[in-house]
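Let me begin by presenting the structure, written as structure tokens, before commenting on it.
Letters go in sequence order (proteins before strands), and every chain restarts at 1. Please read all numbers here as calculations on a predicted model, not as lab measurements.
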Number of protein chains: 2
Amino acid sequence: MRWNDIDSEVCSVARTLSVVGDRWTLLVLRDCFLGTRRFEEFQKSIGMSRHRLTDRLNKLVENALLEKKQYQNNPPRSEYVLTQKGLDIYPVLVSLTGWGNKWMDDGDGIPLEYHHKGCDHQTQPVLSCDHCGEQLGPRDVRVVPGPGIIEKFKRGERPVYIPKKLVNQYAEKMNISLDDTANKKG
Amino acid sequence: MRWNDIDSEVCSVARTLSVVGDRWTLLVLRDCFLGTRRFEEFQKSIGMSRHRLTDRLNKLVENALLEKKQYQNNPPRSEYVLTQKGLDIYPVLVSLTGWGNKWMDDGDGIPLEYHHKGCDHQTQPVLSCDHCGEQLGPRDVRVVPGPGIIEKFKRGERPVYIPKKLVNQYAEKMNISLDDTANKKG
DNA sequence: CTTTACAAGTTCCAAAATGAAACCTACTAT
DNA sequence: ATAGTAGGTTTCATTTTGGAACTTGTAAAG
């Protein structure tokens, strides 16, 4: 499979990666959250080739995570600022940071710490349930087919990565009949 | 800069991406969390070339996110299972999923839903402060230089992506003197 | 027996993505 | 007149991919 086709997978991880899942894009976004806005700043900070940077910034603008704003006409100069869609990547960056802090320490300690303005304490952001507030780990959660998958199964499409067990159990429980003669993939 | 050098950046995002920041690795890990363990399963599910899959699985084993366990001797056949280090990637995948659910819907709705076993409710995992439990967004948090950066500044190294302002403010406040004649990068 | 299937790779090659360095354009400051 | 700054673009060699075919050892089917 070509990476270009990844955005049409029936999977939110795959679709998200189609936008931010290449070598440099998340580093560009990291810089955005630290206040970087201009081409040269990104380039010096990240150290990627100008070539790639041009391309990645354009894609982020195309995908509406960044907005390009001209701050000067002659010669034309622009800044790249996060949109809401871009701001929403925050949890991804925070999670990556948390993992790096824990597992990739080089012996000097955590590079950057977070301080929660609200409670005025150092914080290590964690995942929690938006309903009860409890912390969430892989074992605390059950994955259930959502409408995005059920609809496709009803149409006879079979997204490959979903364990059939999962969907069949669910279909049975919900008394939905899924035509089982249809083929995988849509 | 070469991608291979990215793991020595003074940045937890960069270091984490040096392990999981390529096209396919996070999809492999996604599958792991859904229970996939064997080569053929990964390959069918993800649709990446066997070539790459071999390589990515090996790297995940090298980096200790997966453990390779032989389940049969002749011919030798093995499974790949998540270690604690691998399990800790969970928040990253959940965050990617959340973003995809919100911004990359194809019109059919969310592919997979989460159900929190603890409170028995559907849940959308959110980031929160591990101290006070409040939800955290980009504006609720102040980034502060941690030991991993301070140490390097003391040694005269200047990690490029950190806004100098940030470190200088901090150094002043903490009354740390940082030799300003030293060069960036270490 | 002989053929087919399965699982987990490996090999080979063409096509695509990347990195480095040089170049371009339009100012501004020295 | 010269150098510097900002934001790119161009060129070209090197790396990384994707795809398809091949390998190895075993078991099951005809």
*Reckon A/Arg56 has a side-chain N or O less than 4.0 Å from the OP1 or OP2 of C/dT18?*
yes

_B/Arg38 charged N/C atom sitting above B/Tyr71 aromatic ring, 6.0 Å / 45°_ = yes

*Reckon A/Arg52 has a side-chain N or O less than 4.0 Å from the OP1 or OP2 of C/dT18?*
yes

_Electrostatic pair B/Glu79:B/Arg37 at N-O distance under 4.0 angstrom_ = yes

*Verify the cluster assignment for B/Trp103 and A/Val28: are they in a single hydrophobic cluster under the rule of side-chain heavy atoms below 4.5 Å apart?*
yes

*asked:* I'd like to know if the side chain of B/Trp99 and the backbone of A/Lys85 have a donor-acceptor N/O pair within less than 3.5 Å.
replied: yes

*For A/Arg50 and C/dA17, what is the distance between atoms CZ and P respectively, to the nearest whole Å?*
22 Å

*Between C1' of C/dT18 and CD1 of A/Ile46, the distance in whole Å*: 15 Å

*chain A contact limits on DNA chain D, taken 5' to 3' with a cut-off of 4.0 angstrom to heavy atoms*: D/dA6 to D/dG19

*Would you please classify the geometry between the A/His121 ring and the B/His131 ring as parallel, tilted or perpendicular, with 30° and 60° separating the classes?*
parallel

*B/Asn63 versus B/Val20: any side-chain heavy-atom pair under 4.5 Å?*
no

_Value in whole Å for how far the C1' atom of C/dA8 lies from CG of B/Asp55_ = 15 Å

*For DNA chain C, whose closest nucleotide is more 5', that of B/His51 or that of A/Arg2?*
B/His51

*Where along residues 18-36 of chain B does a heavy atom fall under 4.0 Å from DNA chain C?*
B/Arg23

*Measure the distance from NZ on B/Lys44 to C1' on C/dA5 and round it to the nearest whole Å.*
11 Å

_Separation of C/dA8 C1' from B/Gln72 CD (nearest whole Å)_ = 10 Å

_Please pick, from C/dA8, C/dA20, C/dA26, the nucleotide with the shortest atom-to-atom distance to any side-chain atom of A/Asn74._
C/dA26

*Quick one: is C/dG9 close enough that its OP1 or OP2 comes under 4.0 Å of any side-chain N or O from B/Lys68?*
yes

*NA contact type, B/Phe42, heavy-atom cut-off 4.0 Å: base, sugar-phosphate, or nothing?*
nothing

*Could you pick out which residue, A/Trp3 or A/Leu57, lies toward the 5' side of DNA chain D when each is mapped onto its nearest nucleotide?*
A/Leu57

_On DNA chain C, does the nearest nucleotide to A/Met48 precede the nearest nucleotide to B/Arg77 from the 5' side, or the other way round? Give the residue._
B/Arg77

_Interatomic distance where CD belongs to A/Gln43 and P belongs to C/dA21 [whole Å]_ = 11 Å

_For a quick check under 3.5 Å, do A/Thr25 and A/Asp22 share a side-chain donor-acceptor pair by atom type?_
yes

_Any donor-acceptor N or O pair under 3.5 Å, side chains B/Asn58, B/Glu62_ = no

*Can a salt bridge be assigned to the pair A/Arg142 and B/Glu113 using a cut-off of 4.0 Å between side-chain N and carboxylate O?*
no

